[in-house]
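Keep in mind the model is a prediction, meaning the values are calculated, not measured. In listed order, ligands and their atoms are each counted from 1.
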Amino acid sequence: MPGTLTLVPTPIGNLGDISPRAREALESADFIAAEDTRVTLKLLNFLGIKKSLISYFEHNKAEKGDIILQRILAGESCALVSDAGSPAISDPGEDLVRLCAQSGVPVSAVPGPCAAITALSISALPTGRFCFEGFLSMSKKSRREHLESLRGETRTMIFYEAPHKLVNTLHDLSDTFGGDRPISLCRELTKLHEEVFRTTLAEAAAHYEALPPRGEFVLIVAGAKAASAPKADGADAAARVRELTAQGLTRRDAVKQAAAELGLPKNAVYEAALNIAAK
Ligand code: SAM
């Protein structure tokens, strides 16, 4: 009989958020697979739990995933933890879950802390339909493609971001969705300096340019207005570019602004403006 894999969420800042079931799952596992064994050791010391640990993270997951699977298949039970929050959500775990599921190992999860859901719930933005977008890529090309794919997105969007990349990301979001799009920046959740800043993308970018951001952030961005998102076409785009250039904007800035306002890709707006100008 194989053992089990149990995903165990850990606090995202406040140690009081470890649940009785999470503690029990850690206590009863034969071993714990941890993203960073030093971080998990601190938590286990706090809980007074002694347990054998194995490291499982992005760069050893192929090799360690197989070792963990073999131990579970031999009958041991494994608790999987990340540094903070829910394993497998922008954290290691997704591959191990798949590997175990494909090998007939029972996989279960203890529900618990997750920065994305905590932030969404206090954002004051619509929660009925949302999409989780994780971290934007560091590579310019895939970052641009990711953002382009979200132009017409009407659901509330959730992003994770590191503080040193926040200002750039706010500018990129503002270029894509328009500066007046509402955003709730949820910082240091469950910690002493927890804060929710409900504002617009342009104001958030200006604010954090003046006051360098510190701590951990989840960005909750309002979706596009359903009525305005899908309807605009090339003629609308060209007309708006004409208006904006008549107001003194360069063609480049006019295209950027029109694309953001109409929820269209920048290159489509640019082409539409060129076609009309050529007629
Ligand atoms: N698996 C984790 C979860 O369930 O929340 C997320 C891990 S991901 C590597 C780390 C990111 O989560 C951070 O960069 C930040 O965007 C967000 N995050 C984690 N803890 C947070 C907190 N206390 N306050 C705000 N954001 C947090």
Side-chain angles (χ1 to χ4, degrees), residues 5-19 21-22 25-26 32-40 42-43 46 55-61 79-98 107-125 127 130-138 143 146-147 156-170 172-173 183-199 201 204-205 207-208 211-221:
L5 174 71
T6 306
L7 275 62
V8 181
T10 54
I12 55 170
N14 187 326
L15 287 175
D17 291 336
I18 191 90
S19 73
R21 277 196 69 214
L26 294 173
I32 297 172
E35 181 180 10
D36 183 333
T37 52
R38 289 161 305 180
V39 172
T40 301
K42 278 192 203 146
L43 177 70
F46 170 78
S55 87
Y56 177 79
F57 62 98
E58 188 55 32
H59 300 293
N60 73 3
K61 66 183 184 189
L80 173 70
V81 296
S82 63
D83 287 353
S86 296
I89 306 299
S90 287
D91 261 346
E94 181 183 338
D95 299 83
L96 188 60
V97 168
R98 194 176 307 112
V107 180
S108 66
V110 176
C114 176
I117 297 300
T118 309
L120 175 69
S121 62
I122 55 171
S123 65
L125 290 171
T127 60
F130 62 88
C131 52
F132 176 64
E133 298 297 325
F135 290 96
L136 287 172
S137 168
M138 303 260 274
R143 189 179 175 87
H146 187 169
L147 287 169
T156 299
M157 294 167 274
I158 307 176
F159 298 90
Y160 283 161
E161 194 48 287
H164 63 283
K165 295 198 233 125
L166 182 70
V167 171
N168 266 349
T169 292
L170 290 172
D172 286 350
L173 292 172
I183 178 173
S184 296
L185 298 103
C186 304
R187 190 175 83 86
E188 294 287 87
L189 293 166
T190 77
K191 302 183 196 174
L192 186 62
H193 298 293
E194 174 172 311
E195 178 183 75
V196 186
F197 181 26
R198 301 180 182 94
T199 180
L201 288 170
H207 175 85
Y208 285 111
L211 189 83
R214 296 170 70 173
E216 297 195 275
F217 285 84
V218 181
L219 314 180
I220 310 290
V221 181

Using only atom types and a distance under 3.5 Å, with no angle test, would you say the side chain of R187 pairs donor to acceptor with the backbone of F217? no
Look at the rings of F197 and H207 and say which category their plane angle falls in: under 30° parallel, 30 to 60° tilted, over 60° perpendicular. tilted
Counting only heavy atoms not in R214, do more than 12 sit closer than 6.0 Å to its CZ atom?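 Open: at most 12 neighbouring heavy atoms sit under 6.0 Å from CZ of R214.
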Verify the neighbour count for atom NZ of K42: are there more than 12 heavy atoms of other residues, nucleotides or ligands below 6.0 Å? no
Could you check if a side-chain atom of S19 sits within less than 4.5 angstrom of a side-chain atom of V110, using non-hydrogen atoms only?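 Answer yes - side chains close enough.
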Would you say V218 and Y160 make side-chain contact, with heavy atoms under 4.5 Å?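 V218 vs Y160: side chains touch.
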Quick check on ligand 1: any N or O pairs to the protein under 3.5 Å? One line per pair.
from: ligand 1; atom 1: 1 (N); to: S86; atom 2: O; distance (Å): 2.9
from: ligand 1; atom 1: 1 (N); to: I89; atom 2: O; distance (Å): 2.8
from: ligand 1; atom 1: 1 (N); to: D91; atom 2: OD2; distance (Å): 2.8
from: ligand 1; atom 1: 4 (O); to: S86; atom 2: N; distance (Å): 2.8
from: ligand 1; atom 1: 5 (O); to: A115; atom 2: N; distance (Å): 2.8
from: ligand 1; atom 1: 5 (O); to: Y160; atom 2: OH; distance (Å): 3.1
from: ligand 1; atom 1: 16 (O); to: E161; atom 2: N; distance (Å): 3.4
from: ligand 1; atom 1: 16 (O); to: F217; atom 2: O; distance (Å): 2.5
from: ligand 1; atom 1: 20 (N); to: E216; atom 2: OE1; distance (Å): 3.3
from: ligand 1; atom 1: 23 (N); to: I12; atom 2: O; distance (Å): 2.9
from: ligand 1; atom 1: 23 (N); to: L189; atom 2: N; distance (Å): 3.4
from: ligand 1; atom 1: 23 (N); to: L189; atom 2: O; distance (Å): 3.0
from: ligand 1; atom 1: 24 (N); to: L189; atom 2: N; distance (Å): 2.9

